[in-house]
Amino acid sequence: MDKAYNPQAVEEAIYKMWETGGYFTPKLIPKEALPAGRQPFSILLPPPNANADLHVGHAMYVVEDIMIRYHRMKGDPTLWMPGADHAGFETQYVYEKHLAKQGKSRFDFDRETLYKDIWNFVHTNRGSMENQLRRLGFSLDWSRNVFTLDPSIVETVYKSFKQLFDEGLVYRDKRLVNYCTKDGTGFSDLEVLYVERNDPLYYIKYGPFTIATARPETKFRDTALAVNPKDKRYKKYIGQTLEIMGLLGPITMTVIPDPHVDPKFGTGIMKVTPAHDPHDFELGRQFNLPVTPIIDFRGKMDFSWFLSQKDIDPKYRARAENYHGKKVAIVRPLMVEDLKADGLMIKIDEAYTHRIGTCWKCGTVIEPLPLEQWYVKVAPMTKKAIEAINKKQVTFVPKRFEKTAKQWLTNFHDWNISRQNVWGIRIPAWHCALCAQNPTRFAKAIARRANTTNKSNAQSIRLSGWVVTDGEKPETCPTCGGRDLTQDTDTFDTWFSSGQWPFATLRATRDFDYFYPTTVMETGYDILPWWVCRMLMLGIHLTGSVPFTTVYLHGLVRDAQGQKMSKSKGNVINPLKMVDQYGADALRMALVFGTGAGNDQALSEDKIRGMRNFANKLWNIGRFIEMNLQISNPYDQITIYDENMHKMLKNPNDKRIISQTNMLVAGVTKDLDRYRFSDAAQKIYNFTWHTLADVHLEKNKERFKEGDGQAIAVLRHVFLTIMKLLHPFMPFVTEEIWSKLPRKTTDPLIISPWPGN
RNA sequence: GGCCGAUUAGCUCAGUUGGUUAGAGCGCUGCAUUCACAUUGCAGAAGUCGGAGGUUCGAAUCCUCCAUCGGCCACCA
């Protein structure tokens, strides 16, 4: 054995040995044939983006590898399934940047070409992410590798959508969507990132009133004024229709009551713009106000409704033309000047701060815009998910996230699953041109079928000519027989498909019966609402059972000072670079050691170096044993420790270390069963270094040198036991040392039985 | 405004059924180098466990209040 452990020299070969040896693939012994106490154990790797390199956060999946390797050694049929995510919008975003570098944009291509190009782009890059997972030593069953766009996955997603549609849990509605005008797509509520911002609050004269607004540009399409019904100042105006002078001439609008209006804010009067504010939109539905947009999907002001009118005052025409087609941010100051010129600007409060929705990806201000989209009615599903949590069908580690999850599930609004992206699973819904063109005919069809049809048809009729299938294009419209059917151009929110990941993947690999529900879902707490809650609600609803029985959440990996890692700060730790430099085991151990579940952690290179030193310490204990075995006789029976030897031990040092080892085994096993990985790691570390090496080994050196067979046998037994306990944490160095020391079996460490059974 | 977390040695953090002199990693100080390992060993310094009350035979741990710092959520136009 070399003087120092050199991970670079051995890790690749060891991983290859594991992988080609088939050790990652579980043996599906029938459950009734399993030994007592053994049961299937499974984890699905949260699929990383197929197109991107791993970041250090992904290395936290080491927690999963620890559980997987532990259960594999215990003899449970153990599955860790790898996967890759097409990451719809995110990948398209990256690809568009890639196109921009070539001076192109996505609009230079037709849909099919663009999809194919992105497909190729992703598949060129995909292998690197998977190899990085191998570099980290993750014992994933690559024979079951799945991709979110695999036909079998897509098939399940189609079927689920159809089922939800048939059950009336999917519907189409035109309402305000969180729209990014730069990226050209809508988002669900979860994807809007709210940021604190300082904007002027404008006080504008509105007929007899003054209103305060941060968005003066929408005033052209105000359709009402709202006041609190309890506000004595304005109570008398409720129900009145007023003519109000605006920048483009007079507008008439009604004063409506709204208990949400805060009399203390601004002047206590709120202008209502149903087309551009979610709350106003709701008021619009309540009071039958028209939805009249003035901002288009590119974020530009659209005055065509005004300019198309006849006999417009030239002054107003000039104004409208000046604003028309310009971005909101440009028009706002122009308007402010015009308001001042007309004497309508009362005052401007520059110190106004509020929270504004931005695109989580590009930072553009999100515009609420009226758009027809597919929605999932979540209430029936979230209710079941909450019940499952209450009944402890699923438990959380740490426990506090149970409350968080329930809060999320309670507060979910209906979920917009339509995205205006190309890269994704296209929604299997077709629109009938005939039904759309001929509402009368459509209405007759409704009347004719109203009493006789099944639920499914009734639903499709309600959706004015939309036909949903489980993937195939329908030949004719079931309502009117029309043949002019066009598929929705939108794709699913990736979370809609990944929310079905547990049963979609296990069906794809035909493991559903054996491994569903999976045992543990391990991921970062930051995607609890996006992913974990969605999997719970969709999984329970669509399969009748929770998709996993334990949720373990880890925290974010931050830099040495606890700062969030970011490219701009330059404090990003590249996990692969750390693996190159210190070995995968060092990085793995550093991420687990001293880290509480669900808590963010500060990771420093010093810490990784410290764990590299620990690997070297192990190596040298191994080396010491190997050298002493050569002095005595490595194949002498007495050097093979067995349980019966315990009774024969004469030397108190040997007795003590054996007893300490047994306590260690018990402690580590208990910690692992309780998901206390840090505790287990620290126990092994301290025992190895400070009990075994510093004390036992030093005190008994003379005995080893003299070739005391019993002393050496005990030492080796203790050390090999440590190798087993530590293998889930530091698989490479333990496997390598294991291979260097003579032992009873030729099996690799990865499948050697867990001690203490 | 609501919810959740954090506050323990210079730094980063463990400390889950409340129990003897409070722990780790890194850093620091002194000594040691043909001995498995300097990616080392030995010795050591260093904490009134954020503050104030309370419960208890006993509190870093449970309760109340306060302070500071974070995170997440919410339709203040």
Side-chain angles (χ1 to χ4, degrees), chain A residues 1-6 176 189-190 194 201-202 211-216 218-219 222 225-226 258 260-273 276-283 352-355 357 368 397-401 403-404 406-408 410-411 413 525-526 528-529 555-556 558-562 564 582-583 586 589-590 592-628 671 674-679 681-683 685-686 689-690 693-694 697-698 701 704-705:
Chain A
M1 286 172 83
D2 294 337
K3 201 172 174 188
Y5 172 59
N6 180 9
L176 295 194
D189 294 341
L190 284 183
Y194 287 91
L201 184 65
Y202 304 99
I211 58 103
T213 181
R215 301 209 59 185
T218 61
K219 83 188 282 292
D222 290 348
L225 288 168
D258 175 13
H260 287 98
V261 172
D262 178 2
K264 293 192 195 78
F265 183 89
T267 57
I269 306 173
M270 185 179 81
K271 68 190 204 60
V272 181
T273 320
H276 295 297
D277 181 278
H279 177 72
D280 294 0
F281 184 82
E282 289 306 314
L283 283 177
Y352 176 61
T353 55
H354 61 158
R355 277 159 55 89
V397 181
K399 205 170 180 298
R400 66 172 185 272
F401 286 108
K403 191 169 182 180
T404 314
K406 282 205 279 193
Q407 274 178 357
W408 274 109
T410 309
N411 294 325
H413 296 310
Y525 68 75
D526 52 328
L528 174 64
L556 271 46
R558 296 167 172 273
D559 79 359
Q561 281 75 44
K564 202 167 181 178
Y582 303 107
M589 194 67 167
V592 174
F593 198 91
T595 305
N599 288 349
D600 292 353
Q601 67 165 307
L603 179 68
S604 64
E605 207 168 322
D606 274 346
K607 190 174 179 188
I608 301 170
R609 198 179 294 120
M611 294 304 150
R612 185 273 315 264
N613 295 351
F614 178 55
N616 192 58
K617 188 76 187 175
L618 292 167
W619 179 260
N620 275 289
I621 299 169
R623 189 158 166 252
F624 177 84
I625 294 171
E626 190 210 26
M627 291 166 95
N628 282 288
D671 285 340
R674 294 178 175 187
Y675 306 99
R676 304 194 54 83
F677 307 110
S678 171
D679 288 358
Q682 298 207 26
K683 278 193 180 89
Y685 182 102
N686 287 321
W689 205 316
H690 304 304
D694 290 349
L697 204 146
E698 293 297 335
K701 252 182 185 166
F704 301 132
K705 275 194 188 148

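The sequence lines fix the lettering, A, B, ..., with proteins before strands; numbering per chain opens at 1.
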Does the side chain to side chain contact (heavy atoms under 4.5 Å, CB included) test come out yes or no for A:Asp280 and A:Met270, once each step is laid out?
-> CA-CA 9 Å; A:Asp280 294 0; A:Met270 185 179 81; 3.6 Å; yes
With sequence neighbours left out, what residues match [X] under side-chain contact (heavy atoms from CB on, under 4.5 Å)?
| X | answer |
| --- | --- |
| A:Lys3 | A:Arg623 |
| A:Arg215 | A:Thr213, A:Glu217, A:Thr218, A:Ile295, A:Val328, A:Arg332, A:Glu367, A:Pro368 |
| A:His413 | A:Asp189 |
| A:Ala693 | A:Lys617, A:Ile621 |

Provide the distance between the two [atom1] atoms, one in [N] and one in [M], to the nearest whole Å.
| N | M | atom1 | result |
| --- | --- | --- | --- |
| B:rG51 | B:rA46 | C1' | 23 Å |
| B:rC65 | B:rG58 | P | 23 Å |
| B:rU61 | B:rG5 | P | 15 Å |
| B:rU7 | B:rG15 | P | 9 Å |
| B:rA24 | B:rC63 | C1' | 30 Å |
| B:rA60 | B:rG53 | P | 15 Å |
| B:rA9 | B:rU48 | P | 8 Å |

Could you check if a side-chain atom of A:Asp222 sits within less than 4.5 angstrom of a side-chain atom of A:Val272, using non-hydrogen atoms only?
-> no
Please tell me if the side chains of A:Tyr685 and A:Leu618 come closer than 4.5 Å, counting only heavy atoms from C-beta onward.
-> no
Touch class at under 4.0 angstrom, heavy-atom based, for [X] against every strand present:
| X | result |
| --- | --- |
| A:Asp679 | sugar-phosphate |
| A:Val261 | base |
| A:Ala560 | sugar-phosphate |
| A:Arg612 | base |
| A:Lys403 | sugar-phosphate |

Starting from the C-alpha separation in whole Å, work towards a yes-or-no answer on ring-ring contact (aromatic ring centres under 6.0 Å, His included) for A:Phe624 and A:Phe704.
-> CA-CA 10 Å; A:Phe624 177 84; A:Phe704 301 132; 5.7 Å; yes
Sequence neighbours excluded, which residues qualify as ring pair (Phe, Tyr, Trp, His ring centres under 6.0 Å) partners of [X]?
| X | result |
| --- | --- |
| A:Tyr5 | A:Trp619 |
| A:Tyr675 | none |
| A:Phe677 | A:Tyr552 |

Name the pairs: protein N/O against N/O of nucleotides 22-26 of chain B, kept only if under 3.5 Å.
| from | atom 1 | to | atom 2 | distance (Å) |
| --- | --- | --- | --- | --- |
| B:rG25 | OP1 | A:His690 | NE2 | 3.3 |
| B:rC26 | O2' | A:Asp606 | OD2 | 3.2 |

Pairs under 3.5 Å (N/O, protein and nucleotides 17-21 of chain B):
none

Write down the protein N/O and nucleotide N/O pairs, taken from nucleotides 69-74 of chain B, whose separation is under 3.5 Å; answer none if there are no such pairs.
| from | atom 1 | to | atom 2 | distance (Å) |
| --- | --- | --- | --- | --- |
| B:rA74 | N6 | A:Arg355 | NE | 3.4 |

Map every base of RNA chain B to its dot-bracket character, where paired means a Watson-Crick or G-U wobble contact with both distances under 3.5 Å and | marks a partner outside the strand.
-> (((((((..((((.....[...)))).(((((.......))))).....(((((..]....))))))))))))....
Under 3.5 Å, is there a donor-acceptor pair between the A:Lys406 and A:Thr404 side chains?
-> no
Pair A:Asp606 + A:Arg609, salt bridge at N-O below 4.0 Å | yes
Residue of the set A:Asp262, A:Val261, A:Thr267 for which side-chain contact (heavy atoms from CB on, under 4.5 Å) holds with A:Lys264 | A:Asp262
N/O-N/O pairs, protein side and nucleotides 33-36 of chain B side, under 3.5 Å:
| from | atom 1 | to | atom 2 | distance (Å) |
| --- | --- | --- | --- | --- |
| B:rA36 | O3' | A:Arg623 | NH1 | 3.3 |
| B:rA36 | O2' | A:Asn620 | OD1 | 2.5 |
| B:rA36 | O2' | A:Arg623 | NH1 | 2.7 |
| B:rA36 | N7 | A:Lys701 | NZ | 3.4 |
| B:rA36 | N6 | A:Glu698 | OE2 | 3.0 |
| B:rA36 | N3 | A:Asn620 | O | 3.2 |

